[in-house]
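Shown next, in structure tokens, is the structure this report addresses.
No experiment lies behind these values; they were computed from the predicted model shown. All chains are named by letter (A, B, ...) in the order of the sequence lines, taking the proteins before the strands, and each is independently numbered beginning at 1.
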There are 2 protein chains.
Amino acid sequence: MANIFYMKSIFQSIQNFSNEELDLLDDLITFRMLKKGELLLTESQVCNEIVFIKKGILRSFFLNHKGGEITNCFAFENEFMASFASFITQEKAEESVQALVDTELEILDRKALEKLYQSGFNWQETGRKLTELEFVNLHKRMVSFQKLSGAERYQELYKNHQNYLQLIPLQYLASYLGVSPRHLSRIRKAVL
Amino acid sequence: MANIFYMKSIFQSIQNFSNEELDLLDDLITFRMLKKGELLLTESQVCNEIVFIKKGILRSFFLNHKGGEITNCFAFENEFMASFASFITQEKAEESVQALVDTELEILDRKALEKLYQSGFNWQETGRKLTELEFVNLHKRMVSFQKLSGAERYQELYKNHQNYLQLIPLQYLASYLGVSPRHLSRIRKAVL
DNA sequence: TGCTTTTTGGGACATTTGTCCAGTAAAATA
DNA sequence: TATTTTACTGGACAAATGTCCCAAAAAGCA
């Protein structure tokens, strides 16, 4: 059986592509598997790939001035992940990207994406739309930091991703939420 | 003398436009002046315009659950501003946008932008690039919330926008930085 | 200019959150 | 499975930050 490209269905859902346009992907997508704990991208490399998670969970994290890891974001099945800032600016990434469980990826690298963009209007527009969606997601996260307490952010997360929370070590969740592990432990106890 | 479109020079700097392509703007840009304190966009309207600040300062703010104003962002001369999330999703904005001083704007509304996008590849690509830049800015702000203390965020801001700080009431700065006015007052005293 | 309103600075105290730590539980590894 | 390592919980205390408040300063307005 031919490979199924999961990424394709996302593109299809946001743009009215012809089959020919979509089939460009077949030669451009590559695959990769990551073992739990393995790094996809290391801090201070330039990020040259956007990955799509077929199965698994990724997190990106950077270091604070004390050398502690701060989790910047998580990405789950059917989501894209990259160090987008680095991918866009082509400067060194501040984040590393790591698999939290065994993970299967479809990968589109910079060259592949350039080819798509140059192939015409529809791919150009798709790139813009996806960037817009990433922006909106990031904006929501930013607002949650300004508007909500750590406890409230945890409750939001619990509401929306309850099933994933058990898979993520508390320390990662804590820095993602902007609180200390000690405090997240308190929050969890209070929520029960 | 013909009008000078400040916005144009931004577009010119990020894309290799022909004169014809750029001249499309002449019929699409509109103007507006805001008095100090005046609102450009009110919370719960859909944001249908992207504005470019020729002169002045804007801030966007939303309300917390106690009804207090939280400043979401500032925009200064030569920068774009909108409730981008609302502009993108076409859902009601959570933020209002207000002039902090008398302000002159160039405006591009949704229809105008659609026309540009439909006019071809170059405008499509420009839209993507600008969205990418907005994303990178927002990402930096997000990282500053995860990595830095309120005091450190203040110092960053002071380094980069010292000249503007005097023009912005402390209460607006405080919520922008994610601290109480009382605490920002403490921070300022410690920094001197 | 003089009056009124808004903004700022800072004291006193309360609350939240962080740090440090140790005992226990859970997970990884041999 | 036994052993080692890592992660979680929660106590005690410390530090950071918020709330409430009022007097001084600044800004807006008649």
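If you check D:dT19, D:dT9, C:dT7 against the side chain of B:Gln171, the one that comes closest is C:dT7. Side chain of B:Arg188, nearest nucleotide from C:dT17, C:dG9, D:dT9: C:dG9. Candidate nucleotides D:dG18, C:dC20, C:dG11 were compared by shortest atom distance to the side chain of B:Arg182, and C:dG11 ranks first. Distances were taken from every side-chain heavy atom of B:Ser185 (C-beta onward) to each of D:dT19, C:dG10, C:dT17; the shortest belongs to C:dG10.
Regarding A:Leu173, its CG atom lies at a distance of 13 Å from the P atom of D:dA7, rounded to whole Å. Across the protein-nucleic acid pair, A:Leu167 atom CG and D:dC8 atom P stand 12 Å apart, rounded to whole Å. Taking atom CD of B:Glu69 as the reference point, atom P of C:dT6 lies 13 Å away to the nearest angstrom. For the pair B:Tyr154 OH and D:dT17 P, the interatomic distance rounds to 16 Å; values are reported in whole Å. Rounded to whole Å, the distance from NE2 on A:His183 to P on D:dG11 is 15 Å. Rounding to whole angstrom units, OH of residue A:Tyr172 and C1' of D:dC8 are separated by 14 Å. Look at CD1 on B:Ile168: it is 21 Å from P on C:dT6, rounded to the nearest Å. Whole-Å rounding puts the A:Leu170 CG to C:dA26 P distance at 14 Å.
By the neighbour-count criterion of 12 heavy atoms within 6.0 Å, atom CG of B:Asn163 is densely surrounded, having more than that number from other residues, nucleotides or ligands. The environment of B:Lys115 atom NZ is sparse: at most 12 non-hydrogen atoms of other residues, nucleotides or ligands sit within 6.0 angstrom. Residue B:Asn16 places its CG atom among 12 or fewer non-hydrogen atoms of other residues, nucleotides or ligands, all under 6.0 Å distant.
Nearest-nucleotide assignment on DNA chain C puts the 5′-proximal partner with B:Pro169, out of B:Arg186 and B:Pro169.
B:Tyr158 pairs with exactly one of B:Gln155, B:Gln162, B:Glu156, B:His161 by the side chain to side chain donor-acceptor pair (under 3.5 Å) rule, that one being B:Gln162.
A close approach under 4.0 Å does occur between a side-chain nitrogen or oxygen of A:Lys66 and OP1 or OP2 of C:dT19. For D:dG28, the OP1/OP2 oxygens have a side-chain nitrogen or oxygen of B:Lys36 closer than 4.0 Å. OP1 or OP2 of D:dG10 has at least one side-chain nitrogen or oxygen of A:Lys189 nearer than 4.0 Å.
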Task: A:Leu40 vs A:Thr103, side chain to side chain contact (heavy atoms under 4.5 Å, CB included): CA-CA, chis, key distance, verdict - done: CA-CA 10 Å; A:Leu40 171 67; A:Thr103 297; over 6 Å; no

